[in-house]
Peer 1: 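Pasting a structure below so you can have a look.
Quick note: numbers below take in every heavy atom, side chains included, and nothing from hydrogens, waters or symmetry partners. In the text below, chain A, chain B and the rest are named by the order of the sequence lines, each starting its count at 1.
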Protein chains: 2
Amino acid sequence: MSAEIWQEQLHDNGYRITAARRAVVETVERSTHALTPIEVYDLAREKYRALGLVSVYRTLEKLEELGIIQRVHQPMGCQAFISTGKGHQHLLLCRECGEAVFFEGDDLEVLMNSISKKTGYQIQDHWLQLFGLCKNCK
Amino acid sequence: MSAEIWQEQLHDNGYRITAARRAVVETVERSTHALTPIEVYDLAREKYRALGLVSVYRTLEKLEELGIIQRVHQPMGCQAFISTGKGHQHLLLCRECGEAVFFEGDDLEVLMNSISKKTGYQIQDHWLQLFGLCKNCK
DNA sequence: TTACTTGCAAACGTTTTGCACGATT
DNA sequence: AATCGTGCAAAACGTTTGCAAGTAA
């Protein structure tokens, strides 16, 4: 998600572009790891000292709503956010350092059809996430 | 996970079988939905009134540790637990009523090899979860 | 009898809310 | 000028911890 798109998206939904939001978005955008609200707060305050933790929460909420960022689920917790990739993408996470990489190209059609028949469910969506060790950590 | 196995597993790990634990395990085991600690507390107290919320937390912790139950990640929250299925299984969840069903038979070998090559990661594990509508809700 | 487990109360960390001030449009 | 966003303080919430009493083995 490039630097300009989030401004457009905020604006088009009636939200204002402020220093606090700029600091939050740029912090999440720049990170290769999923960040918790407090991590965002600490990092973003290096650029914008007046930032309050509450604004971080409120901004993250809106950014998630607009699909600009997404929540990352991990065994150790589910409060962290990462900048959303383009298209239908999934996450690959390093267990050691937490580095996150998007990938695409999963084809679960066959599986989903089979499960659908077996269970009687109408399947709408799927979550797929991989865990491992990155180049540096393995 | 049948009614006797959890008793064995607790015992073999040096834990005692108590009324509180019995109430918690039976509550989770009986449910077709993932239950939060408070939901477990409320339901289990119908059978064992003296149960405290703290014991629910401590019991759930141990049961998860032993693999008797597992945490379920959902868009609305990740605090709920469900009785663990046998073998390598994944969850299919109804978005409407929350009913949970296990399925197996995913084969992600091909995908994982391809991602491994592209990213340089050594992939160790995967999370796959499906969302949809169950027979009754669709 | 011994060690584990319990419920209670209190502590804790995270997230949310109310509000008057400040900033964006 | 009007409305939206902010930071602060306080409240609310879920979860964890310390402890003396109770219970399983």
Peer 1: Is any side-chain nitrogen or oxygen of Thr18(B) closer than 4.0 Å to OP1 or OP2 of dT6(C)?
Peer 2: yes

Peer 1: To the nearest angstrom, how far is Tyr41(B) atom OH from dT15(D) atom P?
Peer 2: 14 Å

Peer 1: Contact class for Tyr48(B) (heavy atom, under 4.0 Å): base, sugar-phosphate, or nothing?
Peer 2: sugar-phosphate

Peer 1: Select one nucleotide: of dC4(D), dT17(C), dC4(C), the one nearest the side-chain heavy atoms of Arg16(B).
Peer 2: dC4(C)

Peer 1: In whole Å, I'd like the distance from the OH atom of Tyr57(B) to the P atom of dC12(C).
Peer 2: 18 Å

Peer 1: Taking the side chain as every heavy atom from C-beta outward, state whether Phe81(A) and Glu64(A) have any atom pair closer than 4.5 Å.
Peer 2: yes

Peer 1: Measure from the ring center of Trp127(B) to the ring center of His73(B) and say whether it is less than 6.0 Å.
Peer 2: yes

Peer 1: Under 4.0 Å, counting only non-hydrogen atoms across every strand here, what does Ala19(B) touch: a base, just sugar-phosphate, or nothing?
Peer 2: nothing

Peer 1: What's the CG-C1' distance between Asn13(B) and dA24(D), to the nearest Å?
Peer 2: 17 Å

Peer 1: By nearest nucleotide on DNA chain D, pick out whichever of Ala50(A) and Gly14(A) is the more 5' one.
Peer 2: Gly14(A)

Peer 1: Specify the separation, in whole Å, of atom CG of Leu60(B) and atom P of dT16(D).
Peer 2: 10 Å

Peer 1: What is the minimum heavy-atom distance between Cys134(A) and Glu99(A), and which atoms define it?
Peer 2: CB-OE1, 3.9 Å

Peer 1: With a 4.5 Å cut-off on side-chain heavy-atom distances among I, L, V, M, F, W and Y, is there a chain of contacts connecting Ile123(A) to Leu108(B)?
Peer 2: yes

Peer 1: Whole-Å distance between dG5(D) P and Arg22(A) CZ?
Peer 2: 14 Å

Peer 1: Between atom CE in Met76(B) and atom P in dC13(D), what is the gap in whole Å?
Peer 2: 16 Å

Peer 1: Rounding to an integer number of Å, can you tell me how far Leu53(B) CG sits from dC8(C) P?
Peer 2: 10 Å

Peer 1: Considering only heavy atoms from C-beta outward, does the side chain of Val28(A) approach that of Leu63(A) to under 4.5 Å?
Peer 2: no

Peer 1: To the nearest angstrom, how far is Asp12(B) atom CG from dA25(D) atom C1'?
Peer 2: 15 Å

Peer 1: Let me know, please, whether Val54(B) or Tyr15(B) comes out on the 5' side of the other along DNA chain C by nearest nucleotide.
Peer 2: Tyr15(B)

Peer 1: Within the structure, does a side-chain N or O atom of Arg58(B) lie under 4.0 Å from either OP1 or OP2 of dT16(D)?
Peer 2: no

